[in-house]
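Structure first, commentary second.
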Amino acid sequence: MSRRKSIYKVSFINQGKVYEVFAQKVYQADLYGFVVIEQLIFGERSTVVVDPGEERLKSEFASVRRSFVPMHAIIRIDEVEKEGVAKIHELGANITAFPPTLPPPGGRRDG
């Protein structure tokens, strides 16, 4: 009995843009406040039509083994049936990033 591999669609904010990528592994990092994205999946190069957004993501993540994305930058993580096209979108009016600072675990903020 073969077990189907999970595929995750992860949307996160990076430098004012929304990245949508597909990966086989997504989990909470040992590093506090980060989510790990591993084994990114991109479309086949055999297709005639080339999507410049996906090509840009392929080149950006070409030598990356795993990415540590801050939890507050994650918009959504979905488990999907099959991979789609990785994309970069402009940050929409209905999406707002959290403040860039997080309180320390178990501590108070003085200020």
Side-chain angles (χ1 to χ4, degrees):
M1 187 173 177
S2 66
R3 185 170 182 265
R4 189 188 88 205
K5 289 192 175 196
S6 296
I7 298 174
Y8 299 95
K9 177 182 174 184
V10 183
S11 300
F12 61 95
I13 298 172
N14 182 30
Q15 298 177 350
K17 297 187 185 320
V18 177
Y19 282 52
E20 288 183 7
V21 296
F22 292 86
Q24 290 181 353
K25 292 184 180 180
V26 178
Y27 55 93
Q28 183 174 338
D30 293 335
L31 188 59
Y32 175 75
F34 287 86
V35 172
V36 177
I37 302 172
E38 282 187 3
Q39 298 178 0
L40 293 171
I41 303 168
F42 295 105
E44 297 295 321
R45 288 195 178 259
S46 62
T47 59
V48 176
V49 179
V50 177
D51 182 8
E54 187 174 34
E55 289 298 317
R56 181 173 158 209
L57 282 169
K58 277 185 194 179
S59 64
E60 184 173 339
F61 291 101
S63 62
V64 176
R65 285 191 3 207
R66 76 177 62 115
S67 291
F68 292 82
V69 179
M71 279 187 195
H72 64 273
I74 299 287
I75 297 170
R76 183 176 179 151
I77 300 172
D78 296 322
E79 185 174 6
V80 295
E81 293 292 322
K82 62 180 186 173
E83 70 270 7
V85 178
K87 305 174 192 174
I88 301 175
H89 301 285
E90 291 298 321
L91 194 59
N94 60 349
I95 300 173
T96 305
F98 284 134
T101 58
L102 292 173
R108 290 189 313 198
R109 282 177 140 174
D110 294 328

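Because the structure is predicted, anything quoted here is derived from the model rather than measured. Computed over heavy atoms, backbone and side chain alike; hydrogens, waters and symmetry mates excluded. Throughout, residue positions are numbered sequentially from 1 according to the sequence presented.
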**OP:** Verify the cluster assignment for M71 and F12: are they in a single hydrophobic cluster under the rule of side-chain heavy atoms below 4.5 Å apart?
**Re:** yes
Original post:
Linking I/L/V/M/F/W/Y whenever any side-chain heavy atoms sit under 4.5 Å apart, do V69 and V64 land together?
Top reply: yes
**OP:** Can you measure from CD (E79) to NZ (K9) and round to the nearest 0.5 angstrom?
**Re:**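 If I round to the nearest 0.5 Å, the distance is 14.0 Å.
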**OP:** Drop me the distance from K87's NZ to Y19's OH, to the nearest 0.5 angstrom.
**Re:** 15.5 Å
Which heavy atom of [X] sits nearest to which heavy atom of [Y], and what is that distance?
{"X": "S67", "Y": "F61", "value": "OG-CE2, 3.5 Å"}
{"X": "V18", "Y": "E90", "value": "CG2-O, 4.4 Å"}
{"X": "F22", "Y": "V85", "value": "CE1-O, 3.6 Å"}
{"X": "Q24", "Y": "Y8", "value": "O-CE1, 3.7 Å"}
{"X": "K82", "Y": "I7", "value": "CA-CD1, 4.0 Å"}
{"X": "F34", "Y": "P70", "value": "CD2-N, 3.6 Å"}

Subject >> Residue among V26, I88, L40 satisfying side chain to side chain contact (heavy atoms under 4.5 Å, CB included) with V21 >> reply: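 It is L40; the other options fail the test.
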